[in-house]
Number of protein chains: 2
Amino acid sequence: MSDLEQRSVNTIRTLSMDAVQAANSGHPGMPMGMADVAYVLWTEFLEHNPGDSKWPDRDRFILSAGHGSMLLYSLLHLTGYPLSLEQLRNFRQWDSLTPGHPEAGLTPGVETTTGPLGQGFANGVGMALAEASLAARFNRNGHRIVDHYTYAIVSDGDLMEGISHEAASLAGHLKLDKLIYLYDANSITIDGSTDLSFTEDVAARFRAYGWYVQEIDGHDRDAVRKAIKAAKANKGKPSMIVCRTKIGFGSPNKEGTAASHGSPLGDDEIRLVKGKFGFDPAKTFQIDDDVLDHFRSAVAAGDKRQKAWTEKLDAYKKEHPDNAAILEAALAGKLPGNWADSLPVFPANEKGMATRQSSGNTIDALEQVIPTFLGGSADLTGSNNTKAKEATILSSDNYAGSYIHYGVREHAMVSMMNGMALHGGVIPFGGTFLVFSDYCRPAIRLAALSHIPVNLVFTHDSIGLGEDGPTHQPVEHLAALRVIPNLFVVRPADANETAMCWKIALERKDGPTALILTRQALPTLDRTVYAPADGTLMGGYVLAEADSGKPDVILMSTGSEVHIALEARKLLAEMGIHARVVSLPCIELFELQDDEYKNKVLPAHIKVRVAIEAASTYGWDRYTGSRENVIGIDGFGASAPYQTIYQKFGLTPANVVNRVKIALEKSGTSY
Amino acid sequence: MSDLEQRSVNTIRTLSMDAVQAANSGHPGMPMGMADVAYVLWTEFLEHNPGDSKWPDRDRFILSAGHGSMLLYSLLHLTGYPLSLEQLRNFRQWDSLTPGHPEAGLTPGVETTTGPLGQGFANGVGMALAEASLAARFNRNGHRIVDHYTYAIVSDGDLMEGISHEAASLAGHLKLDKLIYLYDANSITIDGSTDLSFTEDVAARFRAYGWYVQEIDGHDRDAVRKAIKAAKANKGKPSMIVCRTKIGFGSPNKEGTAASHGSPLGDDEIRLVKGKFGFDPAKTFQIDDDVLDHFRSAVAAGDKRQKAWTEKLDAYKKEHPDNAAILEAALAGKLPGNWADSLPVFPANEKGMATRQSSGNTIDALEQVIPTFLGGSADLTGSNNTKAKEATILSSDNYAGSYIHYGVREHAMVSMMNGMALHGGVIPFGGTFLVFSDYCRPAIRLAALSHIPVNLVFTHDSIGLGEDGPTHQPVEHLAALRVIPNLFVVRPADANETAMCWKIALERKDGPTALILTRQALPTLDRTVYAPADGTLMGGYVLAEADSGKPDVILMSTGSEVHIALEARKLLAEMGIHARVVSLPCIELFELQDDEYKNKVLPAHIKVRVAIEAASTYGWDRYTGSRENVIGIDGFGASAPYQTIYQKFGLTPANVVNRVKIALEKSGTSY
């Protein structure tokens with residue numbers, strides 16, 4: 001153990017303490033406790049390139065315990081990423097690159113957004129799976145063009161969260177042996193000792209999942225070295241290295257206590273630590289030149305590494321030009337040029353089909369043309385219609401498969417999809433029932449916050465699922481998803497809108513899309529009678545103009561209820577009331593259109609508007625001007641055949657007609 | 001094995017098949033697979049009373065795999081609960097007592113609502129914990145007045161869900177040895193064999209949690225008997241009995257396959273099964289008289305059991321009258337008569353305190369007067385202010401403690417609280433950050449659906465938490481909670497509103513309440529200047545009338561932003577604009593008031609209204625009439641000192657003034 005090495009490790013600690021103190025807010029304990037482990041990993045194992053944080057074949061590093069963000073920011077600065085010392089000084093300040101918890105897309109070198117516990121854990125499983133998938137699809141004899149590890153530092157909190165169970169169980173099942181997790185077993189949570197609530201045998205638990213588990217002293221850097229080496233050598237199992245550490249390591253009065261977890265240590269204590277480390281207690285953000293040089297060797301090493309890889313890639317391109325072109329396009333997030341041509345066009349059909357089925361047909365078509373389309377379902381494959389006919393199953397025997405059986409693990413599914421999309425190269429989508437979007441909501445939120453283009457297939461989208469009853473009938477979920485910033489919620493009204501919704505989803509690069517699909521069949525509209533389905537791409541459009549061309553009223557709807565609106569329009573026409581029907585498959589996208597378009601679809605002067613949606617009315621009065629003009633469901637559903645429920649809840653053309661008449665009367669319009 | 005016994009078991013199977021077939025919808029496979037296990041449990045172990053499904057000391061039985069609802073409905077009918085054969089024939093029909101998935105409060109004998117997987121698992125842990133808590137608090141030497149078991153049937157799906165991990169880990173930690181789970185290990189999920197996605201060693205996993213695990217053949221009824229006996233005899237550990245079963249047992253063509261899971265078997269197959277069982281293939285819903293007599297012995301046995309307990313209770317009452325009175329009131333869900341007198345009253349104070357702190361003070365006071373108040377936090381005790389000063393920790397050494405360290409397990413926490421409240425006798429409350437309400441959302445929904453009065457303490461309720469940044473700043477969560485039917489969302493504006501919000505929560509008997517509390521300090525309003533805080537009890541009230549008594553504008557707000565509205569009111573007054581400020585701590589409760597009251601607070605003729613809330617604007621235009629008049633946050637937050645964020649996002653009195661001026665101009669009002 002050289003003095004330089006020790007000072008380097010302690011520099012991680014002091015930078016972290018100092019930044020937290022400067023912000024007067026943050027978590028010094030974890031960076032101090034895991035500095036030894038992180039030092040060994042980052043200086044001796046992590047194959048990255050600080051000069052190009054987007055190098056595709058880099059090892060991924062995830063700080064799942066995102067509250068220890070200063071550990072990551074310190075390492076990024078020290079090893080030469082474009083993150084200045086000034087940024088460390090501005091930790092947690094407005095507009096800095098160093099927010100309280102790491103945010104993907106904001107800070108170079110931050111692979112994923114963490115903080116909400118357990119998410120990084122599952123993201124990492126997704127990244128390792130993306131690596132395995134791309135390696136299996138693209139590597140060829142003599143060409144290991146995709147070949148990297150995924151590392152994460154995980155905490156007690158991560159392992160207490162349910163999502164860690166889901167992701168770990170699936171990672172073990174899939175034998176993701178290039179996944180190596182370092183568990184900061186510091187025996188401390190916010191409330192105090194883990195004895196208060198967390199006494200499970202973590203090592204035994206992970207062995208039960210099929211992981212390779214080692215237990216070491218996390219301050220013994222040689223032990224860390226040996227363990228990571230052993231983890232890399234071990235085949236057929238993900239690795240968990242249990243690192244016993246002391247939180248706040250080096251703090252004379254706070255080491256090993258919850259006091260060092262989530263608050264600045266205080267100037268006095270920081271001086272004591274610095275004195276103990278042989279640092280100048282009067283200096284803050286001290287980085288000795290030789291320490292910086294030592295860390296910064298990562299820049300040249302990274303450059304060399306990436307160049308060597310580029311040479312490998314060139315050799316691969318020569319031998320496998322077609323594959324190389326596909327891989328490069330995939331890594332760049334590009335779809336094949338003509339992919340949209342293959343979107344199916346469905347003939348008009350009164351009987352029609354469920355939108356989950358037209359979605360399934362669309363997936364069948366896309367599977368043919370998008371080579372790295374990677375589907376799955378949380379154990380509802382047949383119900384979600386997510387498996388393309390020609391898809392093969394991804395398994396430990398066949399990582400090249402394009403369909404993932406996630407098991408009943410909605411939360412891990414979406415979080416893993418986030419990881420896959422962040423990894424790049426694959427286009428993940430996954431399904432469950434809409435009501436279970438609640439189970440994966442924290443991961444959906446992070447996809448939206450981190451601008452991750454994942455595709456969520458939520459079927460059984462209303463009381464229309466019928467007999468399964470209120471536990472399975474989403475009512476509030478549409479509204480609850482629509483309030484998540486940067487999430488597109490698309491609810492197509494028929495088969496052709498469904499194909500267009502997939503187009504919206506796949507063309508999105510800066511956020512997630514949720515497809516909201518029916519269980520029950522819906523007519524496929526005759527587009528020679530109604531407006532073309534590509535109006536969907538505007539988020540909302542005039543599906544059926546009033547016969548007169550001068551609407552008395554606008555009926556607004558989405559999904560299955562658009563057909564009720566169309567029926568109501570006919571009934572109204574018989575009464576001499578001219579109704580326009582507007583289909584609004586994606587309100588978020590509609591809101592992004594210019595005012596001219598929006599006013600064309602919803603002219604301000606047509607004030608009588610009735611909305612119908614088999615869901616919470618919340619939010620619709622924004623368009624109708626009054627909640628009385630929204631027909632929806634503000635309680636829970638019921639167990640019965642769905643036609644009965646629609647009748648009982650007043651989701652009928654006749655009720656729309658009634659509301660329109662009342663609204664027209666109130667507005668003083670004669671008809 | 002008698003013929004009667006075998007026919008009894010097979011009657012469970014045939015009733016389940018027949019009901020699913022009649023409904024043309026449902027899940028026959030699980031009831032058929034678990035009929036042997038359920039038969040043994042219900043006829044030989046379960047200490048219940050079909051004549052009084054609310055007998056407090058009954059054993060609890062949970063069908064966590066709620067899709068197998070016909071197993072439970074069959075057992076309830078057979079053993080003599082008030083659930084007629086007609087109800088079984090009406091399985092999954094409108095207004096029946098036999099919905100697709102079991103619903104607590106609807107069907108006598110259904111202990112909890114299940115279907116969304118993993119919830120029943122965690123509910124059961126909560127019930128067992130409630131039992132342990134009440135036993136420790138109320139049993140005395142020679143008087144075991146609280147003494148029952150909690151059983152559940154759990155499935156592969158339950159054990160794949162993350163929540164099962166959280167709850168199991170905590171149950172093991174707490175050594176809940178009166179918890180006995182029977183795992184239907186049928187190796188089949190909807191997608192097919194568990195080999196597709198679920199190959200963890202479940203037994204080893206549960207041993208790692210500290211459970212006592214047995215593995216048996218679930219069709220060997222003697223093995224089931226022995227295992228349940230051994231589980232009851234085992235001390236210090238919850239029990240998991242892994243029952244290897246065949247799904248759809250008895251079906252010649254579908255046994256052991258996913259085909260029997262979620263669809264009717266079909267008339268032909270049903271006839272084959274009945275023939276094999278020696279039942280009349282032409283009959284449906286066949287129950288032989290001797291079979292019914294056999295099952296119905298549960299009625300007399302239950303009556304006798306409850307009478308014996310009542311005698312024990314009488315003896316207890318004589319020796320411990322005070323305790324008995326407390327226990328009886330608690331079991332009846334009654335609060336001590338004068339409890340509300342102890343709610344604190346906070347003096348006016350410009351500096352004030354965070355509402356999480358006034359909530360903490362309120363909890364301190366309530367802890368003194370509500371003997372079965374049972375608090376906790378998902379490892380944010382100090383931040384949520386949920387631990388009363390005098391509370392002792394509930395642990396395996398002290399089940400009488402009144403505070404639970406749930407660990408970082410938000411989902412299990414709320415689901416366990418649901419179980420505790422359903423068990424009765426205790427009044428659970430638990431805390432986490434508002435942003436993490438997403439982690440427990442499925443359990444919150446079920447509390448609302450099942451009318452369970454649990455109290456959720458969600459602190460750090462906005463960008464006001466500052467530096468932790470957007471990962472920790474709720475923005476959409478208020479709206480997302482408000483759309484859940486039957487959930488009260490209460491967001492107090494100061495310390496005295498906070499105390500009133502606790503009053504709302506504790507007086508609620510038919511649903512959950514979420515308290516939404518600040519991290520940052522808020523002034524405690526001078527109630528001699530402003531309206532009394534008990535206006536809170538109406539959900540919304542005029543906090544400050546326009547000086548003129550004739551408002552030009554209404555400013556509406558909740559929580560911390562009420563103070564911005566009050567500041568704006570002052571600024572407006574200086575400009576001669578008269579503003580009323582309405583505090584709306586609980587919109588759901590306000591909506592329940594009569595029209596007269598609502599119109600008094602928000603007179604229809606005052607059309608210029610501006611709302612301000614540091615959250616998504618979604619839903620507010622319902623009150624303001626236009627989204628332009630809502631000041632909120634429709635993107636994610638930011639990491640910085642909170643005062644900066646408020647400024648940058650325009651959540652300021654000056655901005656309110658601007659919006660008011662624009663709105664007044666638009667409305668043509670001169671000022």
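From a predicted model like this one, the values you see are computed outputs, not experimental measurements. So you know, we letter chains A, B, ... as the sequences are listed, proteins then strands, and number each from 1.
The residue among T381(B), L449(B), T189(B), L174(B) with the most heavy atom pairs within less than 4.5 Å of chain A is L449(B). Between chain B and the options Y406(A), F198(A), Y209(A), Y439(A), heavy-atom pairs under 4.5 Å are most frequent for Y439(A). Most heavy-atom pairs under 4.5 Å with chain B: of the set G635(A), S377(A), A258(A), this distinction falls to G635(A). Counting heavy-atom pairs closer than 4.5 Å to chain B, the top-ranked of the candidates E200(A), M160(A), E103(A), Q93(A) is M160(A). Interface summary for chain A: among A168(B), P470(B), P102(B), the most heavy-atom pairs under 4.5 angstrom belong to P470(B). Between chain A and the options V483(B), D201(B), T98(B), heavy-atom pairs under 4.5 Å are most frequent for V483(B). In terms of non-hydrogen atom pairs under 4.5 Å with chain B, the most contact-rich of G26(A), G469(A), S96(A), S169(A) is S169(A). Ranked by heavy-atom pairs shorter than 4.5 Å toward chain B, the options R205(A), K648(A), R92(A) are led by R92(A). Interface check for chain B: of the options P116(A), G619(A), G157(A), A479(A), the most heavy-atom pairs under 4.5 Å are formed by P116(A).
In this structure, T471(B) and L446(A) approach most closely via the heavy-atom pair CG2-CD2, 4.4 Å. Of all heavy-atom pairs spanning I484(A) and F636(B), the tightest one is CG2-CZ, 4.4 Å. Smallest separation of non-hydrogen atoms from A204(A) and A208(B): CB-CB, 3.7 Å. Annotation for T199(B) and H173(A): closest pair OG1-ND1, 2.7 Å, computed over non-hydrogen atoms. Counting all heavy atoms, side chain and backbone alike, S197(B) lies closest to G407(A) at OG-CA, 3.4 Å. When all heavy atoms are compared, the tightest approach of E161(B) to V408(A) is OE2-CG1, 3.2 Å.
The structure places CG of D379(A) at 7.5 Å from NE2 of H261(B), a figure rounded to the nearest 0.5 Å. Atom CG of L97(A) and atom OG of S639(B) lie 11.5 Å apart (nearest 0.5 Å). Atom CD1 of I190(B) and atom CG of N384(A) lie 9.0 Å apart (nearest 0.5 Å). Rounding to the nearest 0.5 Å places CG of D438(B) at 8.5 Å from CG of D438(A). One finds the CD atom of E476(B) at 11.5 Å from the CG atom of N486(A) (value rounded to the nearest 0.5 Å). Of the inter-residue distances, the one linking T644(A) atom OG1 with D95(B) atom CG reads 11.0 Å to the nearest 0.5 angstrom.
Ring geometry, F649(A) versus W94(B): the interplanar angle exceeds 60°, so the pair is classed perpendicular (tilted spans 30 to 60°).
Interface residue Q473(A): only backbone heavy atoms are found under 4.5 Å from chain B. For a residue to count as touching a neighbouring chain, one of its non-hydrogen atoms must lie under 4.5 Å from one of that chain's; by this rule D158(A) does not touch chain B. Within the 4.5 angstrom heavy-atom criterion, only side-chain atoms of H411(A), from C-beta onward, approach chain B. Proximity to chain B (any heavy atom under 4.5 Å) is shown, for H67(A), by neither the backbone nor the side chain. Using a 4.5 Å cut-off between heavy atoms, D156(B) makes no contact with chain A at all. Looking at S25(A), the atoms closer than 4.5 Å to chain B (heavy atoms on both sides) all sit in the side chain, from C-beta outward. Using a 4.5 Å cut-off between heavy atoms, F436(A) contacts chain B through its side chain alone, with no backbone atom that close. Using a 4.5 Å cut-off between heavy atoms, A378(A) makes no contact with chain B at all. With a threshold of 4.5 angstrom between heavy atoms, T113(A) approaches chain B through side-chain atoms but not through N, CA, C or O. Contact of A448(B) with chain A is made through backbone and side chain together, with heavy-atom distances under 4.5 Å. For chain B, the nearby part of D621(A) is the side chain; its heavy atoms alone come within less than 4.5 Å.
Side-chain contact check for T617(A) versus R622(B): some heavy-atom pair is nearer than 4.5 Å. Using a 4.5 Å heavy-atom cutoff, the side chains of R445(A) and V435(B) are in contact. D468(A) has its side chain within reach of H27(B): a pair of non-hydrogen atoms, C-beta onward, lies under 4.5 Å apart.
Listed for the E166(B) side chain is a donor-acceptor partner under 3.5 Å among the backbone atoms of G162(A). Of the possible polar contacts, one joining the H165(B) side chain to the L159(A) backbone as a donor-acceptor pair under 3.5 Å is found.
Under the 3.5 Å distance criterion, with hydrogens and angles disregarded, no donor-acceptor pair is assigned to the side chains of S616(A) and R482(B).
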